[in-house]
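Reading through the structure tokens given below for one structure.
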Amino acid sequence: MAVRACGLIIYRRLQPAPSSKITDSIEYLLLQASYGTQHWTPPKGHVDPGEDDLQTAFRETQEEAGLQASQLTLVEGYRKELHYPVRGKPKTVVYWLAEVKDCNTEIKLSEEHQAFQWLKLEDACKLAEYEDMQATLKEAHQFLCSRE
């Protein structure tokens, strides 16, 4: 059976300059793992028994980034499933998109991560080494742009 994990692609909107588009003011939160290849990803983690996928995404976000569900607004209509092998076993990761209500909210990392950054799409894609993660960030950004 595939390992299942869930997470949230967290973004914030900065005050845009008068001449810029709203989408230029969007930044994404990436966390750097403190283990293995120290890769950068949105907060995510394994589904616990009895938990549904979305509960897992919110719990993991709280554990890994210190963000409570009440500090986030879930974006309706966006859900992305990624499938890839990890150590020879299939893994499924489900992401939703959520906005931080206050762009100055403090991020509190767990021991699983050593750093975090708020990044514009292009920089987020550079840090997220995996192609499917880069594609997911771009797709999420496109989704947000289409709603403006």
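Bear in mind that the values here come from a model prediction, so they are computed numbers and not experimental data.
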Worksheet item: Which pairs count as ring pair (Phe, Tyr, Trp, His ring centres under 6.0 Å) when at least one residue sits in residues 37-57, sequence neighbours excluded?
Response: Tyr35-His39

Fill in: Working for side-chain contact (heavy atoms from CB on, under 4.5 Å), residues Gln117 and Asp123
CA-CA 10 Å; Gln117 286 191 44; Asp123 295 326; over 6 Å; no

Discussion item. Between His141 and Glu139, does the side chain to side chain donor-acceptor pair (under 3.5 Å) criterion hold? Intermediate values first, please.
Written reply: CA-CA 5 Å; His141 193 75; Glu139 188 181 279; over 6 Å; no

Worksheet entry | Test item: Leu82 and Lys91 side chains (from C-beta on) under 4.5 Å apart, heavy atoms | no

Worksheet entry | Val75 side chain near Tyr11 side chain, heavy-atom distance below 4.5 Å | yes

Worksheet item: Does the Glu27 side chain pair with the main chain of Arg12, one donor and one acceptor, at a distance under 3.5 Å?
Response: no

Discussion item. When you group the ILVMFWY residues by side-chain heavy-atom contacts below 4.5 Å and let the links chain together, are Val93 and Tyr130 in the same group?
Written reply: yes

Discussion item. To the nearest 0.5 Å, what is the distance between OG1 on Thr56 and CD on Glu51?
Written reply: 3.5 Å

Practice prompt. Answer with yes or no whether the hydrophobic clustering places Ile9 together with Ile26; edges join I, L, V, M, F, W, Y residues whose side-chain heavy atoms lie under 4.5 Å apart.
Written response: yes

Discussion item. Looking at Glu60 and Lys44, is any side-chain nitrogen of the basic one under 4.0 Å from a carboxylate oxygen of the acidic one?
Written reply: no

Worksheet item: How far apart are the closest heavy atoms of Ala140 and Tyr28, and which atoms are they?
Response: C-OH, 4.3 Å

Worksheet item: Which pairs count as salt bridge (charged side-chain N to carboxylate O under 4.0 Å, His left out) when at least one residue sits in residues 61-71, sequence neighbours excluded?
Response: Arg59-Glu63

Item to complete: Name all residues meeting the salt bridge (charged side-chain N to carboxylate O under 4.0 Å, His left out) criterion together with Glu112; count only those two or more places apart in sequence or in a different chain, and write none if there are none.
Response: none

Fill in: Path from Val86 to Val47 over hydrophobic side-chain contacts below 4.5 Å
no

Discussion item. I need the minimum non-hydrogen distance between Gln68 and Gln71, along with the two atoms involved.
Written reply: N-OE1, 2.7 Å

Fill in: Residue pair His113, Ser34: steps toward the side chain to side chain donor-acceptor pair (under 3.5 Å) verdict
CA-CA 5 Å; His113 295 90; Ser34 52; over 6 Å; no

Worksheet entry | Nonpolar side-chain network containing Leu8, other nodes, edges under 4.5 Å | Ile10, Leu29, Leu31, Leu54, Phe58, Leu67, Leu72, Leu74, Val94, Trp96, Val100, Ile107, Leu109, Phe116, Trp118

Worksheet item: Atom CG of Leu137 and atom SG of Cys125: how far apart are they, to the nearest 0.5 Å?
Response: 5.0 Å

Fill in: Atom pair CG/CD of Leu121 and Gln134 - distance to nearest 0.5 Å
10.0 Å

Worksheet entry | Qualifying residues under salt bridge (charged side-chain N to carboxylate O under 4.0 Å, His left out), relative to Lys108, sequence neighbours excluded | none

Worksheet item: Has Gln142 got more than 12 heavy atoms of other residues, nucleotides or ligands less than 6.0 Å from its CD?
Response: no

Worksheet, complete the sentence: Rounded to the nearest 0.5 Å, the NZ atom of Lys80 sits from the OG1 atom of Thr136 at a distance of 5.0 Å

Worksheet item: Looking at OG1 of Thr41 and CG of Leu127, how far apart are the two atoms once the value is rounded to the nearest 0.5 Å?
Response: 11.0 Å

Practice prompt. Mind checking salt bridge (charged side-chain N to carboxylate O under 4.0 Å, His left out) for Glu131 and listing every partner two or more places apart, or none if nothing turns up?
Written response: none

Discussion item. Rounded to the nearest 0.5 Å, what separates atom OG1 in Thr37 from atom CD in Gln32?
Written reply: 9.0 Å

Worksheet entry | 4.5 Å side-chain heavy-atom contact, Pro42 and Tyr95 | yes

Worksheet item: Any side-chain heavy atom of Leu14 sitting closer than 4.5 Å to one from Lys120?
Response: yes

Fill in: Electrostatic pair Glu99:Lys101 at N-O distance under 4.0 angstrom
no

Worksheet item: Can you tell me if Asp52 uses its side chain to pair, donor with acceptor, with the backbone of Gln55 under 3.5 Å?
Response: yes

